[in-house]
Protein chains: 2
Amino acid sequence: MERKVVSAERSIAALKNHSEAEKKRRARINAHLDTLRSLVPGTSKMDKASLLAEVITHLKELKIQATEASEGLLMPLDIDELRVEQQEGGLHGGPCVITASICCDCKPGVLSDLRQELDALHLIIMRAEIATLEGRMRNVFVMSSCGGGGGDTKAHQFRGGRHPPGLEIHT
Amino acid sequence: MERKVVSAERSIAALKNHSEAEKKRRARINAHLDTLRSLVPGTSKMDKASLLAEVITHLKELKIQATEASEGLLMPLDIDELRVEQQEGGLHGGPCVITASICCDCKPGVLSDLRQELDALHLIIMRAEIATLEGRMRNVFVMSSCGGGGGDTKAHQFRGGRHPPGLEIHT
DNA sequence: ACTAACACGTGACGC
DNA sequence: TGCGTCACGTGTTAG
């Protein structure tokens, strides 16, 4: 019956260690989650799951940004492309950043039309870039809007020879 | 005593719902973790905490990569800069590649003068890029020359003039 | 056998 | 009050 007492004590100690280990594990995970919160803006008081979702979107976003940065000078030669992305940053009520890029044939009238459309938006142009390559042209505009909308990145991508509404391209 | 039975049943149902909700919550989080595993390479069968750590490092890495990518678009705001480099390839008497970049204030007449100068060189323009940022402009021209001359650096002074049609950039 | 990691159910707290 | 989230302790399984 002495055995029983000893084994009982050992069991208690083991259980205690177990719970402690588990607590430590949770602490580790939560610490990582906290650093993620500090890394991704606008996730300070977010849900654990929502935080992970936001991390995922941010990761994809950065991956796209990095890849298109490495091949930044490349442009599709066969297809026309128009992309409008609202970047994250409007969460704090501040101005959101909109990146618009268009790639098409380098024909007269394109630039003036493009500028008219951009002027109609009344946005603050932070950076403008125009590049030409073998008869093709690509414009990239980084603009700032005062009205801070949702923080979600709504990206419209038009591929193929179709031109989106609101932007008439001379062909 | 009927009351007690009813309340007991309610408690059981509530508890069941509770556990179910918690299970669903865990499933959501784990799903997000799974997508993170699919996103970050080499974390297929990794620890939950280690996965998060790896996600953090990857996030920082991508952030740096994206930042230094956008740094390629940065230009000095305080000093004017003109660079002409002859890339290797023209050593064998074949066509060499010349890269010229100029960074200065975005004033009218600069572009037309620049184009005149470039036209005088009779080079094949392989790629042209013009970027503006906060009143500054930067041009990068990658040109091909048929005669393999030396790669000397020349400075030019620009007079007043007009913008070429279709190339007006607002700042 | 011992450690580490996971899922589970439950109590607690906030809207 | 119910609903959602969190931390906790425990049972269970793999290396």
Side-chain angles (χ1 to χ4, degrees), chain A residues 1-63 88-94 148-154, chain B residues 1-63:
Chain A
M1 53 196 313
E2 282 286 334
R3 299 294 185 183
K4 288 184 180 179
V5 174
V6 172
S7 62
E9 286 176 357
R10 283 193 183 178
S11 295
I12 291 177
L15 221 53
K16 190 175 180 180
N17 288 337
H18 189 33
S19 61
E20 268 186 16
E22 183 67 11
K23 189 184 183 77
K24 185 187 174 189
R25 171 177 166 269
R26 281 193 297 261
R28 245 170 39 210
I29 295 180
N30 285 335
H32 286 158
L33 288 179
D34 259 11
T35 59
L36 277 180
R37 278 197 178 87
S38 69
L39 241 59
V40 179
T43 57
S44 304
K45 280 304 175 184
M46 223 176 208
D47 220 348
K48 206 180 281 191
S50 310
L51 162 69
L52 290 179
E54 205 66 23
V55 166
I56 290 175
T57 62
H58 237 63
L59 205 61
K60 291 182 180 177
E61 206 174 300
L62 282 183
K63 195 164 279 191
E88 194 269 340
L91 285 178
H92 327 87
D152 294 325
T153 299
K154 297 183 178 179
Chain B
M1 56 196 306
E2 281 287 334
R3 299 294 186 187
K4 289 183 180 179
V5 174
V6 172
S7 62
E9 286 176 358
R10 280 192 187 177
S11 296
I12 293 177
L15 222 53
K16 190 176 180 179
N17 287 336
H18 188 34
S19 60
E20 269 185 18
E22 184 66 11
K23 188 184 183 78
K24 186 186 173 188
R25 171 178 166 270
R26 281 193 295 261
R28 249 171 42 210
I29 295 179
N30 286 334
H32 286 157
L33 289 178
D34 260 13
T35 60
L36 278 178
R37 281 196 178 87
S38 69
L39 241 61
V40 179
T43 57
S44 304
K45 278 305 176 184
M46 224 176 206
D47 218 347
K48 208 181 279 189
S50 310
L51 164 68
L52 288 180
E54 204 65 22
V55 166
I56 290 175
T57 62
H58 242 62
L59 205 61
K60 291 182 180 177
E61 209 173 294
L62 282 183
K63 195 164 277 190

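Here is how names work: the chains are called A, B, and so on, in the same order as the sequence lines, proteins then strands, and each is numbered from 1.
- The closest side-chain heavy-atom distance from Lys48(A) to Leu52(A) is not below 4.5 Å.
- Between Ser50(B) and Glu20(B), the residue whose closest nucleotide on DNA chain C is further toward the 5' end is Ser50(B).
- Backbone-only contact: Asn30(A) has heavy atoms under 4.0 Å from sugar-phosphate atoms and none from a base.
- Rounded to a whole Å, the NZ atom of Lys48(B) is 5 Å from the P atom of dC6(C).
- Taking the nucleotide of DNA chain C with the nearest heavy atom to each of Ala49(B) and Leu15(B), the more 5' of the two is matched to Ala49(B).
- Among dT10(D), dA7(D), dT5(D), the nucleotide with an atom closest to any side-chain atom of Arg28(B) is dT5(D).
- The side chain of His18(A) sits closest to dA5(C) out of dA7(C), dA5(C), dT10(C).
- Checked for salt-bridge contact, Glu22(A) and Arg25(A) meet the test: a charged N lies under 4.0 Å from a carboxylate O.
- Contact annotation: the side chain of Val40(A) approaches that of Leu59(B) to within less than 4.5 Å [non-hydrogen atoms, C-beta and beyond].
- Of the candidates dT5(D), dT10(C), dC6(C), dT10(C) carries the atom nearest the Ser19(B) side chain, counting heavy atoms from C-beta on.
- The side chain of Asp47(B) approaches dA4(C) more closely than any other nucleotide in the set dC6(D), dA4(C), dA7(C).
- Here the P atom of nucleotide dC6(C) and the NZ atom of Lys45(B) are 11 Å apart, to the nearest Å.
- Atom-to-atom, NZ of Lys16(B) to P of dG9(C) comes out at 11 Å; the value is rounded to the nearest Å.
- Which of dC6(C), dT5(D), dT10(C) sits closest to the side chain of Arg25(A) comes down to dC6(C).
- When the nucleotides dC6(D), dA5(C), dG9(D) are ranked by their closest atom to the side chain of Arg26(A), dG9(D) comes out on top.
- With axes fitted over five pairs at each extremity, the angle between the ends of the helix from dT3(C)-dA14(D) to dC15(C)-dG2(D) is 0° (10° resolution).
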